[in-house]
Amino acid sequence: MSIVKQIQSAVINSLSSNFEGIFTDKDFQINQTKPEFEGDYTIVLFSLVKSLKKSPDEIGNELGKLLLKNYPELFSSFNIIKGFLNLIITDEYWITLLQKKHNDICFGKHAMNGKKVMVEYSSPNTNKPLHLGHLRNNFLGWSVAEILKANGYEVLKSCIVNDRGIHICKSMIAWELFANGATPATTNTKGDHFVGEYYVKFNDEYKKQVGELKASGMNEADAEKNAPIMLQTQQMLQDWEAGKPEVIELWKMMNGWVYEGFDITYKMIGTDFDKSYYESETYLLGKDIVQEGLDKKVFFKKEDGSVWIDLTADGLDEKLVLRKDGTSVYITQDIGLAKQKYDQYKIDESIYVIGDEQNYHMKVLKLIAQKLGFPYANDIYHLSYGMVELPTGKMKSREGTVVDADDIVDEMISTAQNHTEALGKVKDFTAEELNILYKTIGLGAMKFYLLRVDPKKKMIFNPEESIDFHGFTGPFIQYTYARIKSILRKEKLFNPEDKHLTLLTLEKEVLFNLEQFPQIIIEAGKELSPATLANYLFHLAKTFNSFYTEHSIANAETNEKKSLRLQLANMTSIVLSSGMQLLGIQMPERM
RNA sequence: GGUCUGGUAGCUCAGCUGGAUAGAGCAUCAGCCUUCUAAGCUGAGGGUCAUUGGUUCGAAUCCAAUCCAGAUCACCA
């Protein structure tokens, strides 16, 4: 049980035994004591004043004495300042915790809770390579999945691949027109980049043709509709839907190139999935549900045959769920896929990691599921994250202002290499060890950078300023870990005979932070926020570094102190490493 | 126009279920490597928590209004 919970129940018991009434944890607040006061945890007394009809100081005094008397193993002393009861936890409590947990690699992980959850993330399009925004999505989704596992959930990571539609046909047409049979192999290009180039070529040609039509006197809207390359593309989409063999073959070949490219990127950044859905296989889903909705009168049909849902009562608009020609739209297949996921895996919760530009769409999806009375409707959760923008504004693939995922990862890794070489600490590493180290540090910096901020906030990325390796960063935490490991390679953990020890301020501070780890995992799980965890890990590393510079571990004053500090260092390394693991960040043994 | 986000130090961000003098990192300045890795540590300067009003013993945090920025409201996905 966490220390805060123990304090909570101790306070509740003491209040109940001494005062009239029933008390719960809602009646008072427990905070960490501010550094300028003496104490570890603070009870805020003001909220009790009314019900107990006493002054804060009186309550604090009575409560403090009771706590000390009834829980001598927990509290060693107290003081009251201006209505705040500051409690000092006994050194024995912290030392016992350290002795029990200092080598527990499962510290912070929670027991299985029997719940199953699916986390869908990544959702790439197969017409262009992944960019910086995808990286945020991937890191977030992967990390949230791991955090939920640590909270005891059974987690399925899933991915919906956007592998069909007009945008895919654009790349295909451009390839037919301009490639002359070139392939990734003949041009020595990564498959997804290769296909992406033809997507760009499409847009160039399209723009050119629209310009020509306008020059010949056509208005803009008609020009956009009648550009030959656009007409060809639309024809291709129809051919694809009709299953025309040569179109399907081309589609399969080009998607195959893209998948080869994606596999390389995913492997590089450490992303994986338990289940991949392909839109080409799911886009017809949901049509039967539309009929069901019509029968239930949740949906209605307009004169032209299109099917709608009226959400004006919920503050939204009317939304189309089936076109007049009977084909499905985006939301139709999402309704179908939501149901399929639930039926197939009996999941208790379905989390969608999707950008905040789709807030409206996801709201509609959930509302429709609710109105149709689906049992899983309330368990659909949209983890909405903000866009990654450049100082100049949004990234636009058509304008070539996209920060490519592979490029930025490569850049981070070579920056890591430069930093490492400049420091010259690992000259004895083999070439392969060095490559692993550069990758560990570069990717660690990248992931930490994207995960340390609140997911729902949009973030600005400046490609001119390289991502830092100092301060609130991944490498800072990795470095703290490597320093600990360096000591632990030379000095082994041991258990001296139990002796009464007192803790120095910094020793206690580190322990104080370590104790919170399980609670932080719970919080991060509840909020679906890797940022919570990242902030905690940074704070822990920072506290440890202060301790490290101030006190020697190997040359501690006594044997007992040396053992205690070794245990402290060991436990810190375990918490840092399992915490970073949940963010998808590896830890180097040396750096 | 409707709906939804966000606005905290020069920059990037914590803090938001109300609590003590609002915290980090970067950048700037001043110190610390003959002792466990200086990718580190210690210190300084830097704030009208967008604005105004309200609720309260107490508001960056809750409520209302206003201003600013962004997203979205497609028979695109």
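Order of the sequence lines sets the chain letters (A, B, ...), proteins ahead of strands, with each chain counted from 1.
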query = Are the side chains of A:Arg136 and A:Phe461 in touch, meaning some heavy atoms are under 4.5 Å apart?
reply = no
query = Taking protein heavy atoms under 4.0 Å as touching, what does nucleotides 26-37 of chain B look like 5' to 3' if B marks base contact, S marks sugar-phosphate-only contact and - marks none?
reply = S--------SBB
query = Taking for each residue the nucleotide of RNA chain B with the nearest heavy atom, is it A:Thr532 or A:Thr42 whose nucleotide lies nearer the 5' end?
reply = A:Thr532
key: OP1 or OP2 of B:G58 under 4.0 Å from side-chain N/O of A:Lys82   = no
ask   = Does the side chain of A:Ser546 get closer than 4.0 angstrom to OP1 or OP2 of B:U42 through an N or O atom?
value = yes
query = Can you give one letter per nucleotide of nucleotides 68-77 of chain B, 5' to 3': B if a protein heavy atom sits under 4.0 Å from the base, S if only from the sugar-phosphate, - if neither?
reply = --SSSS-BSB
task = Just say parallel, tilted or perpendicular for the rings of A:Phe472 and A:Phe448, cut-offs at 30° and 60°.
result = perpendicular
message = If you compare all heavy atoms of A:Ile289 against all heavy atoms of A:Gly336, which two are closest, and at what distance to 0.1 Å?
response = CD1-CA, 4.0 Å
task = On the 0 to 90° scale, with breaks at 30° and 60°, tag the A:His361-A:Tyr330 ring pair as parallel, tilted or perpendicular.
result = parallel
request  = Kindly say whether A:Asn545 contributes a backbone atom to a donor-acceptor pair with the side chain of A:Thr549 at under 3.5 angstrom?
outcome  = yes
message = Expressed as a whole number of angstroms, how long is the span from A:Tyr449:OH to B:C11:P?
response = 15 Å
query = With pairs taken as Watson-Crick or G-U wobble and both distances under 3.5 angstrom, which stems of at least three consecutive pairs involve RNA chain B?
reply = B:1-7 with B:67-73, B:10-13 with B:23-26, B:28-32 with B:40-44, B:50-54 with B:62-66
inquiry  = Looking at B:G19 and A:Phe46: do their rings stack (centroid distance under 5.5 Å, interplanar angle under 30°)?
reply    = yes
query = Which residue lies toward the 5' end of RNA chain B, A:Leu437 or A:Met459, if each is placed at its nearest nucleotide?
reply = A:Met459
inquiry  = Within the structure provided, determine whether A:Glu507 and A:Leu568 are in side-chain contact (heavy-atom separation under 4.5 Å).
reply    = yes
query = Do A:Thr42 and A:Asn86 have a side chain donor and acceptor closer than 3.5 Å?
reply = yes
Least distance between heavy atoms, A:Leu337 atom then A:Thr282 atom = CD1-CG2, 4.1 Å
Under 3.5 Å donor-acceptor, A:Asp27 side chain and A:Thr24 backbone = yes
message = Can you tell me if A:Lys542 touches the phosphate of B:G25, counting only side-chain N or O atoms and a distance under 4.0 Å to OP1 or OP2?
response = yes
request  = In whole angstrom, give the distance that lies between atom CZ of A:Arg452 and atom P of B:G25.
outcome  = 12 Å
